[in-house]
Amino acid sequence: MKNIWKIISKIALFLVIFGFFQPVACDMKGFDLAKYLMDLGEAKYTISAIGLYLCFFMAAFAIIMAIIFLATSKSSGGLSSPTANVVDLVSLILGLCGGIASFLILRSEIGKDSLQSGFYLILTGWAISLVFFIISKIKKE
């Protein structure tokens, strides 16, 4: 299949989404943690919460857009179209930046021992997605 690397990249994003429904830190799931951080009111916690939301929504957006591009592959070029490449790149960059900013703040505030399985699923999902996205750009099948 022509777009197998990009498809694997999108499948890895399901780990990100699944990770949000697991305990991420302090026995709170991703959305609970983001809401808690928003309620604290300090700027660094608000940035961390926005980063968490951004990380989740960019993963979901990338998956939805991949499905749309696959469904319209005959007319628009599918996952290989320039538009799909831009959407992939923007969602990866925004999602990674949001996640990195959020988790750097969390790690410095609560310590790395408080990070739980959801955090590692999110991190693994983004890492696998990024690796396969890069492979899809390097390897032209």
Side-chain angles (χ1 to χ4, degrees), residues 1-40 42-141:
M1 181 175 230
K2 187 176 178 182
N3 297 313
I4 190 71
W5 302 114
K6 282 193 172 187
I7 291 171
I8 293 171
S9 173
K10 300 305 168 249
I11 291 171
L13 292 176
F14 280 106
L15 287 174
V16 175
I17 292 173
F18 183 67
F20 270 84
F21 296 102
Q22 302 298 314
V24 174
C26 303
D27 292 324
M28 287 188 256
K29 296 177 180 165
F31 292 109
D32 297 333
L33 182 60
K35 183 179 180 332
Y36 172 76
L37 292 170
M38 280 289 224
D39 291 342
L40 289 177
E42 286 185 45
K44 63 183 172 183
Y45 297 125
T46 303
I47 291 170
S48 185
I50 291 170
L52 277 171
Y53 286 129
L54 191 62
C55 185
F56 175 82
F57 288 116
M58 285 296 107
F61 176 73
I63 291 169
I64 291 167
M65 291 307 292
I67 292 168
I68 291 170
F69 284 123
L70 282 173
T72 61
S73 62
K74 288 187 176 47
S75 63
S76 68
L79 291 176
S80 298
S81 71
T83 306
N85 290 331
V86 169
V87 167
D88 285 344
L89 192 58
V90 168
S91 64
L92 273 171
I93 290 171
L94 289 176
L96 284 171
C97 288
I100 289 169
S102 175
F103 291 119
L104 285 176
I105 292 169
L106 282 175
R107 186 175 175 196
S108 69
E109 293 298 315
I110 64 172
K112 66 180 181 180
D113 294 336
S114 296
L115 299 175
Q116 295 173 309
S117 63
F119 165 77
Y120 296 107
L121 280 173
I122 294 168
L123 183 67
T124 303
W126 276 116
I128 292 171
S129 182
L130 181 63
V131 166
F132 281 105
F133 178 76
I134 292 169
I135 289 173
S136 77
K137 294 295 155 203
I138 293 172
K139 267 191 158 184
K140 297 290 179 181
E141 295 181 35

When rounded to the nearest 0.5 angstrom, what is the spacing between [atom1] in [X] and [atom2] in [Y]?
X    : Y    : atom1 : atom2 : value
K137 : I134 : NZ    : CD1   : 11.0 Å
S9   : I4   : OG    : CD1   : 11.5 Å
D88  : K10  : CG    : NZ    : 3.5 Å
L13  : F132 : CG    : CZ    : 12.0 Å
F57  : I17  : CZ    : CD1   : 10.0 Å
F21  : F31  : CZ    : CZ    : 5.0 Å

So does [Y] get a backbone contact from the side chain of [X], meaning a donor-acceptor N/O pair under 3.5 Å?
X    : Y    : answer
S129 : G125 : no
S48  : K44  : no
S102 : A49  : no

Search all heavy atoms of [X] against all heavy atoms of [Y] and return the closest pair with its distance.
X   : Y    : result
A25 : L115 : CB-CD2, 4.0 Å
S91 : W126 : O-CH2, 3.8 Å
Q22 : S117 : CB-OG, 4.1 Å
L94 : L54  : O-CD2, 3.4 Å

With heavy-atom distances below 4.5 Å as the criterion, would you say the side chains of [X] and [Y] are in contact?
X    : Y   : answer
I122 : F56 : no
M28  : V24 : no
D32  : K35 : no

Given the rule in the side chain to side chain contact (heavy atoms under 4.5 Å, CB included) test, do D39 and Y45 qualify, once you have shown the distances and angles that lead to the verdict? CA-CA 9 Å; D39 291 342; Y45 297 125; over 6 Å; no
Pair I135, I8 - check side chain to side chain contact (heavy atoms under 4.5 Å, CB included), show working. CA-CA 10 Å; I135 289 173; I8 293 171; over 6 Å; no
Using 30° and 60° as the class limits, which term best fits the ring planes of F103 and F119: parallel, tilted or perpendicular?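 Geometry flag for F119 against F103: perpendicular rings.
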Passing candidate, side chain to side chain contact (heavy atoms under 4.5 Å, CB included) with L37, options I50, I105, T46, L52: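 That would be L52; it is the only one of I50, I105, T46, L52 passing the side chain to side chain contact (heavy atoms under 4.5 Å, CB included) with L37.
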Once salt bridge (Lys or Arg N to Asp or Glu O under 4.0 Å) is applied, do any residues pair with D27, and if so which ones, sequence neighbours excluded? none
